[in-house]
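Residue numbering restarts at 1 for every chain, and letters A, B, ... go by the order of the sequence lines. Since we're looking at a predicted model, the values are computed, not measured.
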Amino acid sequence: MAEKSENFVVTCLRGTSQVFFMENAVTGALFFVAMAVASYFSGIWATTIGALIGIVIATLTAKLLECDETATTSGLFGFNGVLVGAALPTFIAVSPQLWFYIVLGAALSTVVTAAFSATLTKAWGIPGSTGPFVLVGWLMVAGAYSFGSLHVTGEAPKLASDYLQGLVSIPAPIELVQIFFRNIGQVFLLGNEYSGAIILAGIFIASIPAGIAVVAGSVIAMVVSIIMGADPAVVSAGLYGFSPVLTALAVGVIFLAPSMRVAIYAALATVSTVFVQGALDVIMDPAGLPSFTGPYVLTMYMFVAPKKFMAPHPHKSVTDHITAPTKA
Amino acid sequence: MAEKSENFVVTCLRGTSQVFFMENAVTGALFFVAMAVASYFSGIWATTIGALIGIVIATLTAKLLECDETATTSGLFGFNGVLVGAALPTFIAVSPQLWFYIVLGAALSTVVTAAFSATLTKAWGIPGSTGPFVLVGWLMVAGAYSFGSLHVTGEAPKLASDYLQGLVSIPAPIELVQIFFRNIGQVFLLGNEYSGAIILAGIFIASIPAGIAVVAGSVIAMVVSIIMGADPAVVSAGLYGFSPVLTALAVGVIFLAPSMRVAIYAALATVSTVFVQGALDVIMDPAGLPSFTGPYVLTMYMFVAPKKFMAPHPHKSVTDHITAPTKA
Amino acid sequence: MAEKSENFVVTCLRGTSQVFFMENAVTGALFFVAMAVASYFSGIWATTIGALIGIVIATLTAKLLECDETATTSGLFGFNGVLVGAALPTFIAVSPQLWFYIVLGAALSTVVTAAFSATLTKAWGIPGSTGPFVLVGWLMVAGAYSFGSLHVTGEAPKLASDYLQGLVSIPAPIELVQIFFRNIGQVFLLGNEYSGAIILAGIFIASIPAGIAVVAGSVIAMVVSIIMGADPAVVSAGLYGFSPVLTALAVGVIFLAPSMRVAIYAALATVSTVFVQGALDVIMDPAGLPSFTGPYVLTMYMFVAPKKFMAPHPHKSVTDHITAPTKA
């Protein structure tokens, strides 16, 4: 029994580390330290508690549904839950109903992870990654607007035409360092540079190439977003960096076999993610929704999908169409 | 000839009953009675006439396209058409062009049903269900805004920030009974409790387990939406209930083999649908579109998709990627 | 070397002709003449230069990624790039960063083309066609709002309720002729009737049936959009016609084996596209985005997907669901 509960804790920590594609309980524990540090500075503990509930419920749901055991034990059914648990208290005010909402969202994230596995992954070889978190997160935050007992905090929705134009400013060197780490911390929705540093340490402990990719992703995102004149306040909070960081790591190290060729391909993907970030902010905002890791998910799907020797359909008739005459 | 037309009527009635997954002409006839009753009370007959046109055109289109005969005869190419036909006059003012629009929409629903079958169902084993109705309905209502001869009625689009917050009120017992039946009637876009009762009778005639699932779905939706403080006017109209009713029936009885385990799974799906309903209302509203049965469709797809023994993609290289070196 | 560069030019021109599903360098050259003519009349050369950059970069990217050689040589990895290159300067003001943005967008269009091929085409037999252009175009224009160095031009986003209702006016005969040709020119985002005429000539050179389908598509779109009361200014610019033109050609001649049956099917698809055009305008506008060839892409996917003998999922249990008991 004691051994079993110990294993469950290890499974949950592994699941937490899987947010950065690692499978390492120590790394997962450091990620929780990073969340706690951010909570200490902000005085808001709901995010860390939410993440804890998220990983426990998502993992338990996978066990109850008798999902693939190896995958469950390695934390692959848990990392979307920890993100749902961290995200909901970030965008919805604390209330008794919020905790119920987090439990529901975390359980739902496991079902959606299983659904993505049976479709996207099985048919097309595309990893679901944090896609389930993005889908569930969007639905839960959008849903919260409709229920009086769930109060969505944050800015009012704005339209594309409300975006400021023409702002280009180079931050001071010390702020560049802060942005560098916040880009990493924001993967866990933490705009705190110390949290970002702890997370980066946790990644390097688990894998040096992964750590290097994360560093590269954060630097690329910072440079591109500043040069292209993104809103300085958004850049400063690290919100232009967390998706590119994940893209650099996923495309450059995790899902493609590393090589010089793949490094260039991953750099193209990382730069693209910065612009997809800007795009999804504009597209989701009229609905009052944050883009979450949507920019990473969309870009990664596009860059991981292409397979060798598969050509586009030629501009010729498709086969077996419903209008084709039946052979006698 | 007489026999053939009789068969065609039976096929159309069966198609109408398939809206609730039944294959029973008597049930389908009762559903038309329910629509006529609602038309009698409201004085608006366009919805019932539209539904009639919808089922006839959708079924005829399937015959002309020589779609699978068994499926056509059992009404599987018709139920999306009957919903398109009922929905368009609900949201677009009557005009000569509207009737042309309904004919086009119903024919289109058959093509889209065939498209969903060849993709979603064939590749992933996910039933298309009323997905084609939702897609065609969204396109037709959105399109109507652009054409001067089609006038979209109803409220102006609102943004997420326009939602009222903090409303929680328990309706009177008599209203609870009305909501219970309206939740069922709204599957056919009927906010009329008598219509809901007739529909429920029609379902029990065809299948007792189906009737029980519908009752459970309506109760769950009512309780969750009231406790969570959804807009009382929307709850009262039955608009929080029709998608959960379909989810309870589809996940609990139709698409999964019933068991205690499945009942719990279906309950989770049904509760989730209530929140997805709130979410899609918020997401579709800036575009001036109703969510139709979108909340049911999305939730059902997510809960029916997961297959046994399918794990998420591990955080390792995918195979055969375009960047992989070609073997010598 | 000289031969190789000559081949590269031919490949690029073929890729340009593939926008209309042709594989003919002369046709491609005429398409560039059409673009130059429009630039000459408007005084804006950025669109033609953008198209040139687009086709070169997209084709080069396919070569660098070692995409399928036959497909690359026949221009199938290039036509989305030429459209991205023509579209971005149409919606974003010229600046040094715009040219970088076009290069990035064109390279991205090749990756997305490969991704569509490995998913949509391989699994479902649906041609990606200009889907990658639409996706990349939406992301790049939406992204431009977020960056101070990229200035989106054009009208402010509007909501569904802002659409004018009740306008029905028949244009003068001379304007009907202009609309007929602009419907064709707008496939390359050219609201110029002479450009449309040159493009039509280029198509007839490559294929007479293709030319006839384009003529039919333009006429159908003109008649339907005028009769249904679409905004006269939008009709006059040819913006209701370019997607239906592509649908008529793709469904009627290219992707289905031509027959009388297919001609009727294609006519239904073409009429549908006019309304989907109106719909996507309404749906994309709150996000400040043009619909591009999205209406064609969505309609064509729906009409090309249906396969013979494939029935919808019956309303019975799916197989191998995660909740099914494991066999002993």
**Prompt:** Checking heavy atoms, do the side chain of Leu120(C), its backbone, both or neither come under 4.5 Å from chain B?
**Reply:** neither
**Message:** Is the shortest side-chain heavy-atom distance between His313(C) and Ser117(B) below 4.5 Å?
**Reply:** no
**Asked** Can you tell me how far SG of Cys67(B) sits from CE of Met310(C), rounded to the nearest 0.5 angstrom?
**Response** 12.5 Å
**Request:** Using the side-chain contact (heavy atoms from CB on, under 4.5 Å) rule, take Ile283(C) and Leu289(B) through it: C-alpha gap first, then chi angles, then the decisive distance, then the call.
**Result:** CA-CA 9 Å; Ile283(C) 291 171; Leu289(B) 298 177; 4.0 Å; yes
**Message:** I'd like to know which of Gly128(B), Ser129(B), Pro306(B) tops the heavy-atom pair count under 4.5 Å against chain C.
**Reply:** Pro306(B)
**Prompt:** Does some side-chain heavy atom of Val318(C) sit less than 4.5 Å from a side-chain heavy atom of Pro127(B)?
**Reply:** yes
**Message:** Checking the side chain of Lys307(B) only, and the main-chain atoms of Ile322(C) only, is there a donor and an acceptor separated by less than 3.5 Å?
**Reply:** no
**Asked** What residues of residues 132-141 of chain B sit under 4.5 Å from chain C when only non-hydrogen atoms are counted?
**Response** Leu135(B), Leu139(B)
**Asked** With a 4.5 angstrom heavy-atom cut-off, which part of Ile254(B) approaches chain C: side chain, backbone, both or neither?
**Response** both
Side-chain donor-acceptor pairs under 3.5 Å in residues 70-79 of chain B, sequence neighbours left out?
{"from": "Thr72(B)", "atom 1": "OG1", "to": "Asp68(B)", "atom 2": "O", "distance (Å)": "2.8"}
{"from": "Thr73(B)", "atom 1": "OG1", "to": "Glu69(B)", "atom 2": "O", "distance (Å)": "2.8"}
{"from": "Ser74(B)", "atom 1": "OG", "to": "Thr70(B)", "atom 2": "O", "distance (Å)": "3.1"}
{"from": "Ser74(B)", "atom 1": "OG", "to": "Ala71(B)", "atom 2": "O", "distance (Å)": "3.1"}

**Asked** Can you tell me how far CD1 of Ile226(C) sits from OG of Ser149(B), rounded to the nearest 0.5 angstrom?
**Response** 12.5 Å
**Distance (rounded to the nearest 0.5 Å) between Gln97(B) CD and Ile227(C) CD1** = 9.0 Å
**Asked** Would you call the rings of Phe147(B) and Tyr240(C) parallel, tilted or perpendicular if under 30° counts as parallel and over 60° as perpendicular?
**Response** tilted
**Message:** Can you list the residues of residues 297-305 of chain C that sit under 4.5 Å from chain B, counting heavy atoms only?
**Reply:** Leu298(C), Met302(C), Phe303(C), Ala305(C)
**Request:** Measure distances from Glu23(B) to the heavy atoms of chain C and classify the residue's part below 4.5 Å as side chain, backbone, both or neither.
**Result:** neither
**Request:** Please report the closest heavy-atom contact between Trp124(C) and Ala123(B), naming both atoms and the distance.
**Result:** NE1-CB, 3.2 Å
**Request:** For residues Lys316(C) and Phe255(B), determine if any side-chain heavy atom of one lies less than 4.5 Å from a side-chain heavy atom of the other.
**Result:** no
**Message:** Just so I understand: if I count every heavy-atom pair under 4.5 Å between each of Ser272(C), Ser225(C), Gly125(C) and chain B, which residue has the most?
**Reply:** Ser272(C)
**chain B contact via Ala114(C) - side chain, backbone, both or neither, heavy atoms under 4.5 Å** = side chain
**Asked** Taking only heavy atoms into account, what residues of residues 256-267 of chain B are found under 4.5 Å from chain C?
**Response** Leu256(B), Ala257(B), Arg261(B), Val262(B), Tyr265(B)
**Asked** So His315(C) and Phe21(B), would you call those rings parallel, tilted or perpendicular, with 30° and 60° as cut-offs?
**Response** perpendicular
**Prompt:** Going through the checks in order, is the side-chain contact (heavy atoms from CB on, under 4.5 Å) test met by Ser146(B) and Val282(C)?
**Reply:** CA-CA 7 Å; Ser146(B) 292; Val282(C) 168; 3.5 Å; yes
**Complete:** Bottom line for Val111(B): the part with an atom under 4.5 Å from chain C's heavy atoms is both
**Request:** With a 4.5 angstrom heavy-atom cut-off, could you sort out which part of Thr121(B) is near chain C: side chain, backbone, both or neither?
**Result:** side chain
